[in-house]
Trainee: 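Just dropping this structure here.
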Amino acid sequence: MSGPRHAPPSSAPLPPVLLPPAPLPPVQAGSGAAGAALARAPRLLPAMAGLAAWAGATALAGTAHAADAISGAVQRQPLNWPAIVMFFLFVLLTLGITYRAARQSRSAADFYAAGGGITAWQNSLAIAGDYMSAASFLGISALVFTSGFDGLIYSIGFLVGWPIVLFLIAERLRNLGKFTFADVASFRLAQTPIRILSAVGTLVVVAFYLIAQMVGAGKLIQLLFGMEYLHAVVIVGVLMIVYVAFGGMKATTWVQIIKACLLLGGATFMALAVLWHFGFSPEAMFASAVATHPRGDSIMRPGNLVADPVSAISLGLALMFGTAGLPHILMRFFTVSNAQAARKSVFYATGFIAYFYILTFIIGFGAVSFLMNDPTYYNVGADGLYNKLTGLIGGTNMAAVHLANAVGGSLFLGFISAVAFATILAVVAGLTLSGASAVSHDLYASVFARGRTTEASEVRLSKISAVVIGLVAIWLGYIFENMNVAFMVGLAFAVAASCNFPVLLMSILWGGTTTMGALLGGLCGLVSAVVMVVLSKAVWVDTFHHPAALFPYDNPALFSMPIAFVGIWLFSKLDTSRRAKLEQAAFDAQFVRSETGIGAATAHQH
Amino acid sequence: MAQQSTAFRGANPAGPTAASVAPPADARDGDPATADAVTQRILHSPSFQELVRTRTRFAWTMSGIMLAIYLGFIFLVAFAQGVLAVKVGTTTSLGIVLGVVVILAAFALTGIYVQRANGRFDELTRRVRQEAGR
């Protein structure tokens, strides 16, 4: 099966590129274009149907690219030994760290927050690591590869949430909470309903994010390592269970830090190699890309990807405020020793992420110059033609991986493949930990046991939850193998922006918020976000195959966020019970603590 | 440790009652009335009010700037694509330059905030804490 041999529907049809009349190696009947390409580039990986819009950035695009999301079986590859050896070393190292962490982890504070002993630098790398998923590395560079400038729009959207997190959330979260953001949202409100709502918000975000990551991991590893899909999914699942259940936050954080360093190092090398080729002149790099790219100069300006302004703004809001509601990110503010360290870690993390996105931008443009005129990276048809945009072997998302081969040879290709695997592993471990914390700390300890439990049994339940979440993730990865999961990361961000973020922000900043307001408003945001995504093109048309979408935009945040905020305000105003009065009166004490940290619990052990 | 964690959760394990809702558990000074008095004293102290006033204004201003920069960029993308296509070099377009500027601005704004918070705001917070006797 070769990739779709046409340009994305949103663009003007592009003529396939005519190759020089070099004789093509004989193509075996049935193997098609993939066989030809494989014969020419034995190191590279033969074709598959579109991995094109696997998760992440491209998923959020939800337009042309989402249409050819993981839509068919991936052809298994020969084993990639350098990648396997390097990945094995990574696993050994991280398991060693997990073993040490497990021996030191005793208390709940150790398990959920690494005992508060993470420094600002370490935490910033871990935050950046949680954010620099394989999807954003491969997805954004692929987006730049196909659309140029448009890729930048996504990078920026992902980044600008961070200042908002810092200015409005980080410090107050740190002062009010202990392990999870539910600690904060339920500070002066009724524990049971608010903890349940927060846990549901967390688990929904974690579930969608995890499914997208697991399916993407299976496909990617199949492609890069030559393993079977199910084996890949099981390896990811088992390793993440081991990290989280035995090593808790400490091991998860270190896995994240190591991977962030490897990824930043690898991406830096690629970007430098590209810039070096052009004498460190971005101008020369852009000129070469424009000369090579079939869309020519249009890659230097906004294209059709964001033709619809409402979708663009809605997506922008989801990216910006979703960041401030992602449970696995919010948890990281409790791993440092004080508010000052929490602030610094956001600052450094913003720097790392900004740097990383600039690198992916260079990598995307470099891929245009290095790959597009080289047929060995493409599925070449029997007529000697190939599509420069969609014909890339392994799909458009492989642009960065092919570039690794082009600038660093097969060994570096192996390194980048191993880093991509490590990246997935680190991100799913962070997600699993935050899911497990929602179950044990929010649901079990506060709702079912109502505070009458011991720390030891709470931690034990976390570990059990981590195992269960891991097994469920393997199972979901298995059953979603051939389904369109591209919309799921977008959905996770939309839910985070429309449920978790409004509840958190309003309970911290507005004294009038009551339990009823937060609960009903948060539910309105959650339900409206999910319903609008289900009725949008990505699910209603592409998954359920209905003829037309009932919700016309790609992302619901522009509508679901106001619904949540107005809902919280309205239901709080309507709530005139005695309990509501008490909750509003309790705001003074919460306010003092959120602003000054007086009385704040520390995760740090004394 | 177990004690601390129970105390924290104990803020209102079974929903609010007068005693559990009033003060945050860890700020409790024996009985709720004292804690409430402490809260009120801090709330009305000039240092606290200065801290809250300056930091709130600063944080919202910074958020407003970030939002304005970002939405300004998105509105250009959505409604004024011609502006972004203007060449600033032979090939490089204004759009790419502005995009990189937005990325750098996000980083710079966080830096400015952290600088101010770790200096002036922390100083004010220390004063509030001292005055509150903590």
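Here is how names work: the chains are called A, B, and so on, in the same order as the sequence lines, proteins then strands, and each is numbered from 1. Below, all heavy atoms of this structure are taken into account, side chains as well, without hydrogens, waters or symmetry copies.
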Trainee: Work out which heavy atom in B:A106 is nearest to a heavy atom in A:P163; give both atom names and the distance.
Mentor: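 Residues B:A106 and A:P163, closest heavy atoms: O-CG, 3.7 Å.
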Trainee: For the side chain of A:E283 and the backbone of B:T91, is there at least one donor-acceptor N/O pair under 3.5 Å apart?
Mentor: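 Checking the backbone N and O of B:T91 against the side chain of A:E283, a donor-acceptor pair under 3.5 Å is found.
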Trainee: Considering non-hydrogen atoms only, spot the tightest contact between A:F149 and B:I96 and give its length.
Mentor: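 So the minimum-distance heavy-atom pair works out to CE1-N, 3.7 Å.
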Trainee: Only pairs of heavy atoms separated by less than 4.5 Å count here; which of A:L159, A:I156, A:I164 has the most with chain B?
Mentor: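 That would be A:I156.
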Trainee: Can you find a pair of side-chain heavy atoms, one from B:W60 and one from A:L168, that are under 4.5 Å apart?
Mentor: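 Yes, at least one pair of side-chain atoms sits under 4.5 Å.
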Trainee: Quick one: what part of A:M320 sits under 4.5 Å from any heavy atom of chain B, side chain, backbone, both or neither?
Mentor: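 When you check distances to chain B, only side chain atoms of A:M320 fall under 4.5 Å.
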Trainee: Measuring from atom CZ of B:R55 to atom CZ of A:F167, what distance do you get when rounded to the nearest 0.5 angstrom?
Mentor: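 Answer rounded to 0.5 Å: 13.5 Å.
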Trainee: Of the backbone (N, CA, C, O) and the side chain (C-beta and beyond), which part of B:F58 lies under 4.5 Å from a heavy atom of chain A, both, or neither?
Mentor: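 Interface part for B:F58: neither.
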Trainee: Heavy-atom distance under 4.5 Å to chain B: side chain of A:F352, backbone, both or neither?
Mentor: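 Contact with chain B: none, neither part.
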Trainee: With a 4.5 angstrom heavy-atom cut-off, which part of B:T125 approaches chain A: side chain, backbone, both or neither?
Mentor: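 It is the side chain, since no backbone atom gets that close.
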Trainee: Nearest 0.5 Å please: distance from the CD atom of A:E595 over to the CG atom of B:L124.
Mentor: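 Between A:E595 CD and B:L124 CG, I get 11.5 Å after rounding to 0.5 Å.
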Trainee: Go through the atoms of B:N118 and report whether side chain, backbone, both or neither lie under 4.5 Å from a heavy atom of chain A.
Mentor: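 It is both, since atoms from each part get that close.
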Trainee: Donor-acceptor check, side chain of A:R343 to backbone of B:T110, threshold 3.5 angstrom: yes or no?
Mentor: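 The answer is no, because no donor-acceptor pair under 3.5 Å joins these two groups.
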Trainee: Counting heavy-atom pairs under 4.5 Å to chain A, which of B:T90, B:V86, B:I69 comes out on top?
Mentor: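 Ranked by heavy-atom pairs under 4.5 Å with chain A, first place is B:T90.
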Trainee: Top residue by heavy-atom pair count (under 4.5 Å) with chain B, among A:I313, A:V310, A:I358, A:V290?
Mentor: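 Sorted descending by pairs with chain B, the first entry is A:I313.
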Trainee: Exactly one of B:T39, B:I42, B:L43 should register a side chain to side chain contact (heavy atoms under 4.5 Å, CB included) with A:F591. Which one does?
Mentor: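 The option that passes is B:L43.
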Trainee: Identify the heavy atoms of A:P302 and B:L84 that sit nearest to each other, and give their distance.
Mentor: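 Smallest heavy-atom distance, with atoms named: CG-CD1, 3.5 Å.
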Trainee: Applying side chain to side chain contact (heavy atoms under 4.5 Å, CB included) to B:I74 and A:I153, what does each step give before you reach the verdict?
Mentor: CA-CA 8 Å; B:I74 292 290; A:I153 301 170; 4.1 Å; yes
Trainee: Is chain B contacted by the side chain of A:L509, its backbone, both, or neither, given a heavy-atom distance below 4.5 Å?
Mentor: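 Just its side chain gets close to chain B.
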Trainee: Is the gap between the ring centers of A:F347 and B:F107 under 6.0 Å?
Mentor: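 Yes.
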Trainee: With a 4.5 Å limit on heavy-atom distance, are the side chains of A:P282 and B:T92 in contact?
Mentor: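 They are not in contact (no side-chain heavy atoms under 4.5 Å apart), so the answer is no.
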Trainee: Heavy-atom distance under 4.5 Å to chain A: side chain of B:L51, backbone, both or neither?
Mentor: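 Interface part for B:L51: side chain.
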Trainee: Decide if atom CD of B:Q115 counts as having more than 12 heavy atoms of other residues, nucleotides or ligands within a radius under 6.0 Å.
Mentor: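 No, the 6.0 Å shell around CD holds no more than 12 heavy atoms from other groups.
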Trainee: Please name the pair of heavy atoms, one in A:L152 and one in B:G99, separated by the smallest distance, quoted to 0.1 Å.
Mentor: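 So the two residues come closest at CD2-CA, 3.7 Å.
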Trainee: Is there a side-chain contact between A:D297 and B:K87 (heavy atoms, below 4.5 Å)?
Mentor: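 Yes - at least one pair of side-chain heavy atoms lies under 4.5 Å apart.
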Trainee: So for B:F75, is it side chain, backbone, both, or neither that comes closer than 4.5 Å to the heavy atoms of chain A?
Mentor: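 It is the side chain, since no backbone atom gets that close.
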Trainee: How many angstroms lie between OH in A:Y355 and CD1 in B:I103, if you round to the nearest 0.5 Å?
Mentor: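 Rounded to the nearest 0.5 Å, the OH-CD1 separation comes out at 13.5 Å.
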Trainee: Measure distances from B:L67 to the heavy atoms of chain A and classify the residue's part below 4.5 Å as side chain, backbone, both or neither.
Mentor: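 Contact with chain A: backbone and side chain both.
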